[in-house]
Amino acid sequence: MFDSAMPPKSKPLRSGGFNKNTSSIFDPLAGQIHNSEGYGATRGKIDHGVTENPYERRFSPYDFNGGTCVAIAGSDYAVIAADTRLSSGYEILSRDMSKLHTLTDKCILGSAGCKTDVDQLRSVLDIKMKMYHHNHRKTMTTPAVAQMLGNTLYYKRFFPYYAFNVFGGIDEEGKGAVYSYDAIGSFERTPVTATGSGQAYIIPLLDNVIAHRNRLDEKRDLLKEEVVEIVKDAFISCGERDIYTGDKVEIAVITKDGIEKTYFDLKAD
Amino acid sequence: MFRNQYDTDVTVWSPEGRLLQVEYAMESVKQGSACVGVRSNTHVVLGALKRSVSELSSHQKKLLEIDDHIGIGIAGLTADARSLAKYMRNECLNHKYVFGAPITPALLMGDLADKHQRTTQTYVRRPFGVGLLVAGIDPQFQTAHLYQTCPSGNMYEFYASAIGARSQSARTYLEKHYESFTEASLDDLIIHALQALVGCVSGDDELTKENGSIAFLGKDQKFTMLEGDALQPYLDRLELKNAEEEKDDDDDEEEKEGDAPQAMET
């Protein structure tokens, strides 16, 4: 996938010991170095990607298909939500592509990132969970799935799954459990997490409202209905600023009685 | 007559054109405890009599899940059966991963039969000493199937079948009643399977919730096991059914003798 939206990361081949980025408009000498090498008049010009200098084009195995996922743990429930927009670059590929994958009747995996890596990760997890079921004659518990997901991601430490995961479910004590991951399998159980293109907009909001940070009033346990409303508000705000988030939010509430999914429309711009 | 001379290797034919090692392997299946399978248009039920080594030990599992839509019952060398189950499970997962859909039981049976045959034609391996009753639902046509494999690699499809020790009495029962299976309800099928198993119990023992086990699957029904307490209601129903039939037989006899008719108990 060619990153045509951004200038190529080029190193000038003969730069006399300098390694200056030719797209700098603030360094009037940047172009001059090239000028003296006789590569054409690039004095003070911004490199828009069609460059006169030779540089190496690379094939990137990853694409970023956008989207945001959120997961919140409650006293006896877990809420996991994700938008349904699938994009590539500045284009929208689908307005209705789910990012949530039900692993057991007690846990759901939400993933943003490169869709093909996400799909592959899900297939691999499904297979491993089925084998577990055959060998142990029971379904995997949520903490066990969390550990397995971390291990599966680390397996590809040196060619990672480009999948940014949030994992939410009910643990063996009936409490809500949410785990956040990085692309190479580092994970942690947290009360609240968000990942994807809109994570920077949502995390500070949830830190304050759900995890009750930097607040002076009494912390109280929130009901799942309240959390769902907070999630909707978070996605509305996120959708305003993040171009990759929008269209619809899929919200799943997991309790010991099962999984309930609802949908909430967002702006389609 | 020539049995002993030509039975050392699986790759040696006897003068009668038989592979004696394969036949000996089939004997091993007959030594295993009984396993029955019955099918209707929509469901397949497997039943098994679980053997235990002693009073202290647990009962050996005989019904294994292969996938949501495929299950097996085993008779013979349990270890061989577990190895085959592992293979079948892997094949199912692989197929689902590569083709995005559950495997057709017929396809899996073909591979399984080939796997059995390979062991009968090589010097360094031995045939599998286990017979399998494979219950499966075809995911495309939504039809129910029951297959039987044996160490020789032969594979047949059945309306109903029984393998293992004392399974002849089960087969006799099934032959008598199989025509009623096609439209039978799931509960009735389970009762039929249990009834067939009753005949396979040895001597003084009886079919109880500890040594009996049932597994069923259907068009809209994933593989499900009934063991222990879950089996008791069906055993009770079976007992009730048999008691009624005995009573009916007794009543018939009494009428023939010309006694005064007794009040019907309801």
Side-chain angles (χ1 to χ4, degrees), chain A residues 61 65 86 93-94 96-109 111 113-141 144-145 147-149 151-156 159-163 165 256-259, chain B residues 46 48 50 58-74 78-79 81-103 105 108 112 132 134-137 139 213-217 221-231:
Chain A
N65 296 123
L86 185 77
L93 300 173
S94 169
D96 194 10
M97 179 60 77
S98 171
K99 292 187 181 59
L100 301 181
H101 181 60
T102 311
L103 288 172
T104 71
D105 58 2
K106 285 202 169 59
C107 63
I108 292 182
L109 174 69
S111 320
C114 175
K115 180 98 190 358
T116 181
D117 275 359
V118 165
D119 287 345
Q120 180 72 354
L121 179 64
R122 289 173 183 176
S123 297
V124 165
L125 286 179
D126 282 343
I127 288 177
K128 285 184 161 186
M129 290 178 72
K130 192 72 177 171
M131 272 325 276
Y132 182 97
H133 178 77
H134 282 320
N135 292 328
H136 294 80
R137 280 183 274 142
K138 68 181 179 92
T139 328
M140 275 183 96
T141 61
V145 180
Q147 182 69 36
M148 190 179 72
L149 173 55
N151 291 340
T152 308
L153 291 169
Y154 195 83
Y155 235 72
K156 296 244 300 152
F159 184 8
Y161 288 112
Y162 198 79
N165 302 297
K256 63 167 172 44
D257 303 318
I259 298 173
Chain B
L46 295 172
K50 295 190 288 191
S58 63
H59 290 81
Q60 178 68 266
K61 248 174 82 74
K62 293 195 28 107
L63 302 178
L64 301 160
E65 179 181 348
I66 300 298
D67 201 348
D68 291 335
H69 64 304
I70 302 180
I72 61 172
I74 67 180
T78 312
R82 283 163 53 83
S83 164
L84 287 172
K86 206 166 177 194
Y87 166 77
M88 289 169 82
R89 285 168 177 167
N90 266 317
E91 286 297 291
C92 286
L93 288 174
N94 218 357
H95 191 276
K96 210 181 286 193
Y97 177 77
V98 172
F99 299 106
I103 194 170
L108 182 62
L112 198 60
L132 303 180
V134 182
I137 302 293
S213 75
I214 291 282
F216 58 87
L217 35 78
Q221 174 78 54
K222 287 194 198 173
F223 180 92
T224 315
M225 286 268 267
L226 286 176
E227 282 183 316
D229 290 332
L231 197 54

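In what follows, chains are A, B, ... by sequence order, proteins preceding strands, each numbered from 1.
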- Interface residues of residues 87-95 of chain B facing chain A - heavy atom cut-off under 4.5 Å: B:Arg89, B:Leu93
- How about A:Arg137 and B:Met225: do any of their side-chain heavy atoms sit closer than 4.5 Å? no
- With a 4.5 angstrom heavy-atom cut-off, which part of B:Ile66 approaches chain A: side chain, backbone, both or neither? backbone
- Correct closest heavy-atom pair for B:Asp68 and A:Lys130 would be OD1-NZ, 2.7 Å
- Taking everything shown except A:Lys156 itself, do over 12 heavy atoms lie less than 6.0 Å from its NZ? yes
- Inspect the surroundings of CG in B:Asp229 and state if more than 12 heavy atoms from other residues, nucleotides or ligands are less than 6.0 Å away. no
